[in-house]
S.K.: 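The structure follows.
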Amino acid sequence: MEHLFQGLLQHYFNEPVHSMGNVPFGMTNDSRIVVLNQSKYVARIYNRHTKNEERLQFEVELTAYLEHCSLSFGVPGFLSSKDGSKYVILSDGSLGSITRFIEGEVPDLSRNSDVLSYGQTVGEISYALQQFSSVPVDSVRPTIAFHDPYSLHPLSYQKSIHEFLSNPPFAIDADQIAIIQAYYQNIYGHAPEINLLPKQIVHHDILIFNLLIEPQFRKISGVLDFDFAANDIRIWELTICLNHLLQFEDQTFEKIELFLDEYRKYMTLTPAEIQWIPYVMQIYYVSLLSIYIGQHYAGRSIAPYFRLMLKQLLKRREWLEYNQHAFSDLLHSKF
């Protein structure tokens, strides 16, 4: 892998790189932080199962659009290579790029100030992505049906998922497997109604690991990783963020209220969208399990990630059963 990164850097720079270090998060692509002439960049080599030239070209155009939206935070714009391209094809056929580095630290969702900034950022970028539908682009806008877990990874389809759950490569409780299988069996029954919900471009992964915050004033300074940005039902963005908040605090509604108060300054929801949020919150984890199953068949070690998402699914399922009426009332009161 290191020789591929060296090859990637040669497409962009003539000077020697001062240092190159690993990026602490992310399973999908291979990334490095590059330091050159006292400036930092992010070098990335893309997973060939999940990123082709068409999708990468769309990401280039999307981030270029966002850079001109006067947002209160930055996005990682693509650098031009020596020949003027925004990405390159490497010796093994994989795609690579270099983007700008954004300074900041990971937000701390135990701090109310960071939760408020989180809600503002998600609302702000959701509104900008909503307007992107009217912007002409050269590439085809990709579509992801994140509520269809059989379409999220080329190696994760109905037969392969069934085989994985029937004979898991690591220990999974039989009762938990039965719960997962029940979700898969029920998903298609709800698909027609969910497909009718409003759609727009969705980031799909605005977690704290893809956010940077300015440490002094506690304002988000950057939104990263548009790898899964695509057209989808728009409540996915909010749903994913609500799940993320509940991973840090699920005993009260305080942080959810703080987040929603900022988010709703930019976005409104229909009654049908509000109705489906609790269900979509659960199938989010089923979709992630599907992606990890695909990564397993692609040769990656997924056991700790799979177990973590399964644990989150079971916790969210229990939380929504216990808080269903209070949570529904809160959502309706905000929108």
Side-chain angles (χ1 to χ4, degrees), residues 1-8 20-34 42-52 55-56 90-97 106 144 146 148-181 183-184 187 203-211 224-229 240 243-244 247-248 282-317:
M1 181 58 67
E2 295 310 314
H3 74 282
L4 290 176
F5 275 105
Q6 293 299 329
L8 173 61
M20 186 165 61
N22 291 330
V23 173
F25 304 110
M27 270 189 74
T28 306
N29 304 306
D30 291 295
S31 303
R32 302 287 188 273
I33 297 175
V34 175
V42 177
R44 180 167 289 115
I45 297 175
Y46 295 92
N47 185 318
R48 284 190 281 180
H49 290 292
T50 58
K51 183 73 79 174
N52 55 29
R55 285 193 58 84
L56 184 52
L90 301 173
S91 60
D92 70 338
S94 58
L95 302 171
S97 72
V106 175
I144 293 179
F146 217 71
D148 178 3
Y150 297 122
S151 67
L152 300 176
H153 192 286
L155 301 179
S156 190
Y157 43 90
Q158 194 163 2
K159 181 180 178 182
S160 65
I161 291 174
H162 173 75
E163 291 175 350
F164 180 95
L165 294 175
S166 298
N167 187 26
F170 46 85
I172 307 174
D173 183 83
D175 291 338
Q176 295 177 351
I177 288 180
I179 291 173
I180 302 171
Q181 290 172 328
Y183 275 107
Y184 280 111
I187 278 173
H203 181 287
H204 285 114
D205 203 20
I206 308 184
L207 312 181
I208 59 169
F209 315 113
N210 286 325
L211 293 172
L224 312 177
D225 195 357
F226 289 81
D227 211 47
F228 290 105
I240 290 168
N243 273 332
H244 197 48
Q247 287 180 240
F248 293 87
Q282 295 172 74
I283 62 172
Y284 167 65
Y285 293 108
V286 180
S287 297
L288 291 180
L289 293 177
S290 295
I291 293 172
Y292 288 133
I293 290 172
Q295 291 180 339
H296 161 74
Y297 285 115
R300 288 183 178 261
S301 177
I302 68 161
Y305 305 99
F306 188 95
R307 289 191 177 110
L308 176 61
M309 289 306 107
L310 176 55
K311 180 180 178 181
Q312 290 299 323
L313 169 62
L314 299 173
K315 285 185 64 176
R316 196 65 61 247
R317 171 191 171 100

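On a predicted model such as this, the values are computed, not experimentally measured, just so you know. Heads up: numbering here begins at 1 and tracks the sequence. Quick note: numbers below take in every heavy atom, side chains included, and nothing from hydrogens, waters or symmetry partners.
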S.K.: So which heavy atom on Ser97 is nearest to which on Tyr46, and how close?
M.R.: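 Answer, listing the atom of Ser97 first, then Tyr46: OG-OH, 2.7 Å.
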S.K.: Quick one: ring-ring contact (aromatic ring centres under 6.0 Å, His included) partners of Phe146, sequence neighbours excluded?
M.R.: His204, Trp236
S.K.: Going by side-chain hydrogen bond (donor to acceptor under 3.5 Å, both in side chains), name the residues that satisfy it together with Tyr284, two or more places apart in sequence or in a different chain.
M.R.: none
S.K.: Could you report the tightest heavy-atom contact between Phe5 and Asp30, atom names first, then the distance?
M.R.: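 Distance-wise, the nearest heavy atoms are CZ-O, 3.4 Å.
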S.K.: Measuring from atom CZ of Arg316 to atom CD of Gln282, what distance do you get when rounded to the nearest 0.5 angstrom?
M.R.: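 If I round to the nearest 0.5 Å, the distance is 9.5 Å.
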S.K.: Of the options Ile179, Val286, Ile180, which is the one that meets Leu310 in a side chain to side chain contact (heavy atoms under 4.5 Å, CB included)?
M.R.: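 Result for side chain to side chain contact (heavy atoms under 4.5 Å, CB included) with Leu310: Ile180.
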S.K.: Going by the rule side-chain hydrogen bond (donor to acceptor under 3.5 Å, both in side chains), which residues pair with Ser287 if we only count those two or more places apart in sequence or in a different chain?
M.R.: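 Scan of Ser287 (side-chain hydrogen bond (donor to acceptor under 3.5 Å, both in side chains), adjacent residues dropped) gives none.
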S.K.: Write down the atom of Lys51, the atom of Leu95, and the distance for their closest heavy-atom approach.
M.R.: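 So the minimum-distance heavy-atom pair works out to O-CD1, 4.1 Å.
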S.K.: Check Leu155 against Ser160 and note the closest heavy-atom contact, atom names and distance.
M.R.: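 Closest approach of Leu155 to Ser160, heavy atoms only: O-OG, 3.0 Å.
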S.K.: Taking the side chain as every heavy atom from C-beta outward, state whether Asp205 and Ile240 have any pair of such atoms under 4.5 Å apart.
M.R.: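 No, their side chains stay 4.5 Å or more apart.
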S.K.: Ignoring hydrogens, what is the shortest heavy-atom contact between Ser91 and Leu4? Give both atom names and the distance.
M.R.: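 Ser91 and Leu4 have their closest heavy atoms at OG-CD2, 3.5 Å.
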S.K.: For a 4.5 angstrom cut-off between non-hydrogen side-chain atoms, does Lys315 reach Gln247?
M.R.: no
S.K.: In Å and rounded to the nearest 0.5 Å, what is the OG to CG distance from Ser31 to Asp225?
M.R.: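 One gets 7.5 Å once the value is rounded to the nearest 0.5 Å.
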S.K.: Report yes or no: does Tyr305 contribute a side-chain atom to a donor-acceptor pair with the main-chain N or O of Tyr292 at less than 3.5 Å?
M.R.: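 No, Tyr305 side chain to Tyr292 backbone: no donor-acceptor pair under 3.5 Å.
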S.K.: Restricting to non-hydrogen atoms, name the atom on Pro149 and the atom on Ile161 that form the minimum distance, rounded to 0.1 Å.
M.R.: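 So the two residues come closest at O-CD1, 4.0 Å.
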S.K.: Report the residues that fulfil side-chain hydrogen bond (donor to acceptor under 3.5 Å, both in side chains) with Ser94, sequence neighbours left out, ordered by chain and then residue number.
M.R.: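 So Ser94 forms a side-chain hydrogen bond (donor to acceptor under 3.5 Å, both in side chains) with Asp92.
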S.K.: Just jot down the ring-ring contact (aromatic ring centres under 6.0 Å, His included) partners of Tyr184, sequence neighbours excluded, or say none.
M.R.: Tyr150
S.K.: Any heavy-atom pair between the side chains of Tyr285 and Leu314 that's under 4.5 Å?
M.R.: no
S.K.: Is the backbone of Ile293 close enough, under 3.5 Å, to the side chain of His153 for a donor and an acceptor to pair up by distance?
M.R.: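 Side chain of His153 to backbone of Ile293, a donor-acceptor pair under 3.5 Å: no, none is there.
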S.K.: Measure the shortest side-chain to side-chain distance between Asn243 and Gln312 over non-hydrogen atoms and say whether it is less than 4.5 angstrom.
M.R.: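 No, their side chains stay 4.5 Å or more apart.
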S.K.: According to side-chain hydrogen bond (donor to acceptor under 3.5 Å, both in side chains), who are the partners of Arg32, at least two apart in sequence or on a separate chain?
M.R.: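 For Arg32, the residues satisfying side-chain hydrogen bond (donor to acceptor under 3.5 Å, both in side chains) (neighbours in sequence not counted) are Glu2, Asn22.
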S.K.: I need the Leu211 CG to His244 NE2 distance, nearest 0.5 Å.
M.R.: 7.5 Å
S.K.: Could you go through residues 163-176 and list every donor-acceptor pair under 3.5 Å that involves a side-chain atom there, pairing it with any protein atom two or more places apart or in another chain?
M.R.:
{"residue": "Ser166", "atom": "OG", "partner": "His162", "partner atom": "O", "Å": "2.7"}
{"residue": "Asp173", "atom": "OD2", "partner": "Asp175", "partner atom": "N", "Å": "2.9"}
{"residue": "Asp173", "atom": "OD2", "partner": "Gln176", "partner atom": "N", "Å": "3.3"}

S.K.: Could you check if a side-chain atom of Arg44 sits within less than 4.5 angstrom of a side-chain atom of Leu56, using non-hydrogen atoms only?
M.R.: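 Heavy-atom side-chain distance check fails, nothing below 4.5 Å.
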S.K.: Rounded to the nearest 0.5 Å, how far apart are CD1 of Ile302 and CZ of Arg307?
M.R.: 9.5 Å
